[in-house]
Amino acid sequence: MKKFSVVIAGGGSTFTPGIILMLLENLKRFPLRAIKFYDNDAQRQETIAKACEIVLTEKAPDIEFCYTTDPKTAFTDVDFVMAHIRVGKYPMREKDEKIPLRHGVLGQETCGPGGIAYGMRSIGGVLELVEYMEKYSPDAWMLNYSNPAAIVAEATRRLKPNSKILNICDMPIGIESRMAQIAGLKSRKEMKVRYYGLNHFGWWTQVEDSQGNDLLPVIRKHVAEHGYIPKVEGEPVEASWNDTFGKAKDVWALDPETMPNTYLKYYLFPDYVVEHSNPDHTRANEVMEHREKNVFSACRAITQAGKSSAGHLEIDEHASYIVDLATAIAFNTQERMLLIVPNNGAIINFDPEAMVEIPCIVGSNGPEPLVMGKIPLFQKGMMGQQVAVEKLVVEAWIEKSYLKLWQAITMSKTVPSASVAKAILDDLIEANKEYWPELK
Ligand code: NAD
Ligand code: G6P
Ligand code: MN
């Protein structure tokens, strides 16, 4: 069986150790000969890499490993680029969340003005990775889950239309796992779904088990009462995420026929979100205090002791969708997966040039999107507005246009007026000087 070489871009990510453990668990179906880490923050990456090196030496000494900040070393001789960078890291996420809140608007990593600000930082970073890949390993595929995936995907559609890049999100996977649990199935893999929307902005229209039985009635009944919180909670979930899964109950009520993505709460209940936010302590603070602290201290402990048992690193089981995607490409598995792809008629009555999230059959030549048909006016209206926001952000980045970015923030359903949008934009420009193109 062929063995593959991968580079993880964003080697210093809090998710990297969990993904390494997940890759090790999946070696039978996705054999590896080399793993490389690439990051532009040498120090942050080294803390993670030294611990991962110990884990790899213990568990799979045959896999070559290196970590580097040199693009040529990182991107030469690779089959897959797994990309999860965060341009500006958590201190900038904190600003994305806190600046809009100062103006009474919700602050979120990927939605509203915060997501737009993050998008303006991410576009350049992700395009640079695509360029390195094409220069040093032109046959490789990039599996991108760097956020905000909707804006990044639109940027690659516009600027790298022929590149081998697949954009994917884990939120539908998380929700489908909860649906499977609610329906009494062992795994979401026993379900077949129809879904349409944009990234962090979509709806399920069909959920069936492997015999073709409709699971929606039982899921609907549960969500109407409890949102996506199963009766018996699986792994522990932080309070803020639990609130989001619970709030799906109210989001669902707007269209009881379909099942919503949890992120729709930010567009449909922005006032609720603002009321339930602490402007001095947002999700970025929670993540820095918990996930980042725990992962980095576990890595330091492992490195100091020279053995993996010295620190607790958690396997990221549900990140196995990345292996599903890689094996679909590598071994032509024809797996059905939700991906962010050009619409091109799949949603018949929607912009063919929008990047949409829909089921695709994935094989060696990439994704074949499935036709999702016509969508109702409610969803079409909301998606049209949101897609315009995402396209305006990308145009603002390309043209360095203040006006287009102001239009984008104004058009976001999370923002009440053009004057509030302008005030937020001016603060975001100040905060993002180091990262955004200078706007004219
Ligand atoms: P993190 O800050 O811990 O890690 C990101 C790493 O990227 C950092 O080490 C940073 O130095 C590096 N980086 C930043 N800019 C870079 C550049 N231009 N080139 C190379 N490296 C660069 O963040 P995290 O919380 O672990 O998240 C990582 C990314 O994964 C984020 O974009 C996050 O939004 C995304 N994510 C996406 C999904 C999804 O569903 N699509 C799920 C989880 C996380
Ligand atoms: C989900 C989304 C990701 C997002 C993440 C944020 O997994 O699909 O796109 O980055 O949540 O989680 P965090 O724990 O960093 O707030
Ligand atoms: Mn996501």
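Atoms within a ligand are numbered from 1 in the order they appear, just like the ligands themselves.
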Q: Ignoring hydrogens and angles, tell me if any N or O in the side chain of Lys98 forms a donor-acceptor pair with the backbone of Asp280 under 3.5 Å.
A: yes
Q | Nearest-neighbour protein heavy atom for atom 1 (P) of ligand 1, which is reported as residue plus atom name and distance | A | Arg44 NH2, 3.6 Å
Q: Quick one: look up the protein heavy atom nearest atom 22 (C) of ligand 1 and list residue, atom name and how far away it is.
A: Asn40 OD1, 3.3 Å
**Q.** Residue, atom name and distance, where the atom is the protein heavy atom closest to atom 35 (C) of ligand 1
**A.** Tyr145 O, 3.3 Å
Q: Report all protein residues having a heavy-atom distance below 4.0 Å to some atom of ligand 2; order the list by chain, then number.
A: Arg93, Glu109, Asn147, Cys169, Asp170, Met171, His200, Trp241, Tyr263, Arg283, Val287, Arg291
Q: Would you kindly specify which portion of Cys169 sits under 4.0 Å from ligand 1, judged on non-hydrogen atoms: side chain, backbone, both or neither?
A: both
**Q.** Donor-acceptor contact present, side-chain Glu399 to main-chain Ser401, <3.5 Å
**A.** no
Q: Just let me know how Glu292 lines up against ligand 1, side chain, backbone, both or neither, with a heavy-atom cut-off below 4.0 Å.
A: neither
Q: Measure the distance from atom 11 (O) of ligand 1 to every protein heavy atom, then report the residue, atom name and distance (to 0.1 Å) of the closest one.
A: Asp39 OD1, 2.6 Å
(Q) Which residue and atom name correspond to the protein heavy atom nearest atom 30 (O) of ligand 1, and how close is it? (A) His84 CB, 3.5 Å
Q) Counting only heavy atoms, which portion of Gln45 has something under 4.0 Å from ligand 1: side chain, backbone, both, or neither? A) neither
Q.
Using a 4.0 Å heavy-atom cut-off, which part of Thr110 comes near ligand 1: side chain, backbone, both, or neither?
A. neither
Q) Does ligand 1 have any atom sitting under 4.0 Å from a heavy atom of Ser146? A) yes
Q: Report the nearest protein non-hydrogen atom to atom 33 (C) of ligand 1: residue, atom name, distance rounded to 0.1 Å.
A: Arg86 NH2, 3.6 Å
Q: Take Asp250 and Lys247, measure what salt bridge (charged side-chain N to carboxylate O under 4.0 Å, His left out) needs, and give me the verdict at the end.
A: CA-CA 6 Å; Asp250 297 330; Lys247 189 70 184 169; 2.8 Å; yes
(Q) My understanding is that we take every heavy atom of each candidate and find the minimum distance to atom 31 (C) of ligand 1. Doing that for Tyr321, Phe15, Tyr118, which one comes out nearest? (A) Tyr118
Q. If you draw the axis of the six-membered ring of Phe245, does the NZ or CZ of Arg178 fall within 45° of it and under 6.0 Å from the ring centre?
A. yes
Q) Which residue owns the protein heavy atom closest to atom 24 (P) of ligand 1, what's the atom, and how far is it? A) Tyr90 OH, 3.3 Å
